[in-house]
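Only one structure is covered here, and it is reproduced in the block below.
In this text, all values refer to a predicted model and were calculated from it rather than measured experimentally. Because only heavy atoms are used, hydrogens play no part in the values below, and waters and symmetry mates are left out as well, while side chains stay in. We number each residue from 1, following the sequence as shown. We count ligands from 1, going down the list as the structure has it; atoms in each ligand are counted the same way.
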Amino acid sequence: MKIFKRCFILSYIVPIYAGSLIGSLFDFIKESCEQAANEPDDTLEILSEYDFIVVGAGTAGSVIANRLTENPNWNVLLLEAGGSEKFIMDIPILANFLQLSEANWDYKTVPSDNYCLGMENRQCNFPRGKVLGGSSVLNFMIYTRGNRRDYDNWEKMGNTGWSFKDVLPYFKKVENFVVPGYDNDTKYHSQDGYVTVSYPPYRSSIGKAAVEAEMEYGSRYVDYNGATSIGVSFLQSSMKDGVRASASRSYLHPIKNRNNFHLKKSAMVSKILINPSTMLAYGVEFLLNNGKRYFVNASKEVIVCAGAINSPQLLMLSGIGPKEHLEEVGVPALNDLKVGYNLMDHIAVGGLTFLVNTTDADSGLLKPKSFKEYFPNHKGVYTLSGGCETISYHDTENPLDPNGYPNIELLYLYGSLSSTRIFRRIFGIDGDIYYKVYGPIIGGSSFMVFPMLLRPKSRGRITLKDNNYLSKPVIEPNYFSEEEDLDNIIKGLKILLNITQQPAMQSIKTELYKKSIPNCEANGFGTDDYWKCMARHFTFTIYHQCGTCRMGSEDDDDAVVDPRLRVYGVKGLRVVDASIMPVIPIGHTNAPTFMIAEKGADMIKEDWNWTSSN
Ligand SMILES: Cc1cc2nc3c(=O)[nH]c(=O)nc-3n(C[C@H](O)[C@H](O)[C@H](O)COP(=O)(O)OP(=O)(O)OC[C@H]3O[C@@H](n4cnc5c(N)ncnc54)[C@H](O)[C@@H]3O)c2cc1C
């Protein structure tokens, strides 16, 4: 109640100072207050039994909780290890900085001799959202579905019901698509969903030059969430009126007042309770931050939505996973499944920096003008999705085919690693290497582009360190274990270098920054071997970890869940999140995860004989 009063009082103060910097500050406080007031409350009462228990309130868990509580006769407990989403997390330009906050699980890959060589201790940071809304709160809001072939391949692998034709209605169900020019394309888009997809209102001179230069190179301007993917576009972003459209804001705020919905934050699930003789999952054990332990039953199902790192971790801690490995770490094995295998990700060659003569000088992050533009109207440079502005898709195997299957994405960013020293910390770059390479240009005008590998062949694995639920899992992404991945990423890099020579890029005097990475210098800057060495040093995750509880048919030895997302060999247990993807789609993984959860929710309703028309 207190919070409502505070928001109410602020709504009277704000207009008095309208137009001034103080007015903008009050607006920020008012919006923070509204965010807190709109978030569902932490339940004070935890029942001994619910119909469904959902583990993890990230992209998928938020959808599942919303859709299952549509049935007033079912009650649902949603358990989230992290705390509240704050309004400051939803200001798009700040996305990068959230990785330094407590909303990040703060994982790292194992030290490697093949990748992440330019990072501290040869380990890459692996951020994941530990907050209401999960990784959808940390992400860069880039909204891409992938290509129709991704899902047709899933079906061909034995996943009945997952072809593009089958998943398209669920992509549409997610969206409130308001991208001008494409919003009337009802074959591919809808305006009835919870997640607003829009163009960020601000465009920098660099973002515009990137689109123009791509078109000079031969790319078409495209709705990459429509019929085909190849081409270039300004970013389509999960953003509503210049504010992040996180999973929690989109799916949980609207159900704040449902009586059959209980949410518990700072609640870490340590184990799924499984009866070893019936192999029925009948509940969960979880602990609050104060160490208080709860055992709660689920009369229908436990639904694990803990994401691509934590879902396999929780399954293994509960006795579901590779028998030999579980025995090694002292977990009694209940069901021998390939949990934790098939770890996939999209990676890019990081650090490619281009110097320019344009500064968009009056749009600096710390300029009062930028702050005033954002509060109260949500315009200006703060609306850039973590600085990402322009995306293009290329098929290096069939460069001339407009209906090709992209294997490279070019992601153009406003600013670069040298824009601020804080980026060194965020990306975990080795200090010596960072200052030797970028020291001379820190704070100068520059931008960065990520050539990103969309169809990696390399596969990694997640294992347990031990049988303690608080221990971070062991993450081995095995990037570049397939040489072909390295070759393809270099092909993408070369396309980029060509595009930066086009007139639009040259009109802002774009120039590749040529300071060599010390350990790669001997290869000769700009040779294929140099670029390969750079890729192995600045191996940048694009944060699309998935596949570790892989979906597959009954005769697929590597499958963990069936095509209805039920864990093989255990009753009453599903996994619904990015970990079920059998092969990584060519899109950034948030939209596909929303789709999986919408489809998963319908399957659960069907299996319990309930549809919204009942
Ligand atoms: C920094 C970053 C940038 C990204 N950028 C983009 C982007 O721009 N576009 C895009 O499409 N994708 C992006 N992604 C990826 C995308 O956000 C994820 O693929 C997607 O959010 C995955 O959803 P999920 O439901 O599988 O997992 P998550 O959203 O991560 O949700 C898992 C939830 O479970 C909770 N949890 C975990 N273990 C437990 C436990 N034991 N008990 C209780 N709760 C638990 C977590 O705290 C979390 O809230 C990005 C991700 C990150 C981290």
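Under the 4.5 Å side-chain criterion, counting only non-hydrogen atoms from C-beta, Glu389 is not in contact with Phe447.
With 3.5 Å as the limit, one finds no donor-acceptor pair spanning the side chains of Tyr188 and Glu175.
Figure legend: Lys599 and Trp162 shown as a cation-pi pair, the cationic atom lying under 6.0 angstrom from the six-membered ring centre and within 45 degrees of its axis.
Listed by chain and residue number, nothing satisfies the side chain to side chain donor-acceptor pair (under 3.5 Å) test with Thr548 (two or more places apart in sequence, or in another chain). For Cys124, the disulfide (SG to SG under 2.5 Å) partners are Cys116, not counting sequence neighbours. In this structure Asn176 satisfies the side chain to side chain donor-acceptor pair (under 3.5 Å) test together with Thr196, sequence neighbours excluded.
Closer than 4.0 angstrom to ligand 1 by heavy atom are Val55, Gly56, Gly58, Thr59, Ala60, Leu79, Glu80, Ala81, Gln99, Trp105, Pro127, Arg128, Gly129, Lys130, Val131, Gly134, Ser135, Ser136, Leu138, Asn139, Phe140, Met141, Ile142, Ala267, Met268, Val269, Cys305, Ala306, Gly307, Asn310, Tyr543, His544, Asp577, Ala578, His588, Thr589, Asn590, Thr593, sorted by chain and number.
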